[in-house]
Amino acid sequence: MKEKRVIKLSVKTLAYLVIFSITILLILTIAKDLIISYSYEKYQERKINNLAQKVHDYEIDELYSKLENIAYDNSVCIKYLTTTNTINYNTLMVGCELNNSGINSILNNIIRDNKEIKNLKLVNEDNDKKAILSGVKVDNGYVFIYSLLEDTNSANIILRNQVIYITIIVIILACFIAYFISIKITKPITNITLKAKELGEGNYNIHFDRSDILEINELSKTLEHVGEDLSKIDELRRDLLANVSHDLKTPLTMIKAYAEMVRDITYKDKEKREKDLNVIIDEAERLNILVNDILTLSKMQANSDVLTLEQFDLCEVIRDVLKRYDILRTMEDYEFIVNVPDKAIVLADKQKIIQVIYNLVNNAINYTGEDKKVFINVINNKKEYVVEIKDTGKGIKKEEINYIWDKYYRVEKKHQRNVVSTGIGLSIVKEVLSKHKFDYGVKSKEGVGTTFYFKIRK
Ligand code: ADP
């Protein structure tokens, strides 16, 4: 697969910020012409409306003098038309002479219709200048207040230059912000990376600094958990190694000693020889179990082991597994109480289910009580078969029960001579059943016994 190009966080943040700033500035540049001319027009309209309102409120005899002030103070033009004459105010201001005949006829029409007019937009066709006009009726005539709408182009040109400066400033600012953001984010990440490397080198008791960024905090916590888990597994693995070497060494010593004994001493005496040879066979069997457990687990872990589903009779499989223990039944008085239907056809990986049943039965035999009883039930439910393997042993403590499925976990840490214990059996059971997505579990009462169960869909 082609590897994705990786870029430093600071460069990436900077790129995003620059793109963002340029987009905003572009929008501003494009929209500013519209924004400026629109708001300028609105401003003039509001101003003229306010003045019109004022004119309304004045007494007729003070109107003459007041209009003069209004025109100059607000830079608007005013035309006062009475029945007898016309007074123009602020005539010096550019655009106050409404000398266009078209405009004059509009004013005449307003006067003739005897109505008020608000924010009328006028266009002087001679010079293409625009103006806004409001007409107020007073007792002896009309007051027209109007203002020329200046061309906003010149303002735009000034602003265009400003936008260039603003762009440069914004980009420089973006660089600084990007730099600080990246430092803020990269520093804790770099720290975590360094510590994770240490974790990888086997230093599991490492503390990851907390950050005020939620995601980075989560990452720290997760890695710390990983460290704790790894340390637990590592401890268990070391334990196992010690146990396994012990378990391997003891039978090997015995095999060697008994083989030498047969070779040198008991080879002539049939009875003694067979007794010694049986010890050798038993010890070899012990070795076999141990090595098989380890091999099965490593095979499962390599994940090369995919499920090969087939239909088979679960009860027949159980009976076959139990046959392997015939020797225990006859020689050591173990009792298997089997309660299964005649047939239970299921779809699963037969070899792996055999392994599961074998491991559970094996545990039940190893850990059952003095009565040496092991119960095996298959319950026929509507959608599934429930397989139960029950013993009468001393049970599993509540605080241990969650851990027994862990790899290498053994309740009895001390090595016991009569049980080959690797802590692997149940982790294989867990692995197989979870791969099948079969429900499974354990119920245990201290001093009464333990029941392991799993459910196989029909
Ligand atoms: P092993 O039996 O090789 O130690 P397992 O993974 O099969 O490993 O079991 C893990 C631990 O769970 C055992 O060491 C044992 O302490 C406990 N355990 C398993 N089965 C039973 C049982 N039927 N009764 C009591 N304890 C059990």
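Indexing begins at 1, ligand by ligand and atom by atom, following the structure's order. Given the structure is predicted, the values throughout are model-derived calculations rather than measurements.
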Would you call [X] and [Y] a salt bridge, using N to O less than 4.0 angstrom?
X	Y	result
Asp209	Lys195	yes
Arg319	Glu316	no
Asp276	Lys272	no
Asp326	Lys323	no
Asp212	Lys184	yes

Counting heavy atoms under 4.0 Å, the part of Leu426 that contacts ligand 1 is both

Note: Asn366, heavy atoms under 4.0 Å from ligand 1, region reported as neither

I'd like to check which ligand 1 atoms, numbered from 1 as shown, lie under 4.0 Å from a non-hydrogen atom of [X].
X	value
Gly425	5 (P), 6 (O), 7 (O), 8 (O)
Ile424	6 (O), 8 (O)
Asp391	22 (C), 23 (N), 24 (N)

#### Entry: Sub-4.0 Å heavy-atom contact, Trp405 with ligand 1
no

* To do: Look at atom OH of Tyr403 and say whether more than 12 heavy atoms of other residues, nucleotides or ligands are closer to it than 6.0 Å.
  => no

Sub-3.5 Å N/O-N/O distance, Asn363 and ligand 1: yes

